[in-house]
Amino acid sequence: MTHLRADIPLTIALAKGRLAEQTVGLLQAVGVDCSDLRDPGRKLVFADAAHGYRFILVKPGDVPTYVDHGVADIGVVGKDTLLEENRPLYELLDLGFGACRLCVAGFPGGEGQTGANFRVATKYPNIARGYYAAQGRSIEIIKLSGSVELGPLVGLSDVIVDIVESGGTLRANGLEVLETIGLVSARAVVNVVALKTKGQKIRALIAALAAQLHQ
Ligand code: PRP
């Protein structure tokens, strides 16, 4: 199988966290051995030397950076991160898992609000800015790194822009979805140059992953 050719080395950047387990499961299912990633400890680089793969484990927001710079040929990361980072990468496959809604959320009744002093807390400043700008709504962005639901609870912001998966975090904090921005899921992205120089192996891997997903 072409995607297991050891003479064409490929580096894959994997997002730590919620997507990691399913990504590893999918790669294993097509014969790529990344079983060491299931229990990585503090280690950051892994290899399947027999099949010419190297894996780096990075924060989700950094996956597009590694792929854009060409130190990883392929990345697996959420569409939310890709929209936020907006890098010139080839997005070759929707992996389907990690499905979430990108939403405006806040206290019940807060739909459609806006204004010069309207504050939006988010891990996604570019997405939030673009969403409101497209509607001609002026807002102030407050960038946070996590636990953004806290924003409205403590009066830091009026609403949040965030991903919602089960809705459990919103419910636990008395918040709800006010507006849906879009649907996101895990994607496989490829470095522009690598797709030319290592295209045969990359395309074969993507095809194997797609076939496995459609089984
Ligand atoms: C994400 C997101 C929400 C939560 C949504 O945070 O930012 O807080 O998950 O999931 P739910 O709808 O299933 O509750 P994450 O767990 O990645 O942690 P973070 O807040 O530290 O970024």
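These figures come from a predicted structure and were not determined experimentally. Just so you know, ligand 1 is whichever comes first in the structure, and atom 1 is the first atom listed for that ligand.
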V154: which other cluster members, linking ILVMFWY side chains closer than 4.5 Å, directly or transitively? F107, I142, L144, V148, L150, L153, L156, I160, V164, L170, L175, V177
Which hydrophobic side chains are connected to L183, either touching it within the sub-4.5 Å cutoff or through other members that do? none
Can you confirm whether the side chains of R38 and Q28 place a donor and an acceptor under 3.5 Å from each other? no
Taking atom types as modelled and ignoring hydrogens, do the side chains of Y124 and D80 form a donor-acceptor contact shorter than 3.5 angstrom? yes
Connected hydrophobic set around I8, excluding itself, where side chains approach under 4.5 Å: none
Listing by chain and number, which residues have a heavy atom under 4.0 Å from ligand 1? R18, K123, G146, S147, E149, D162, I163, V164, E165, S166, G167, G168, T169
Does R137 pair with E179 as a salt bridge, N-O distance under 4.0 Å? yes
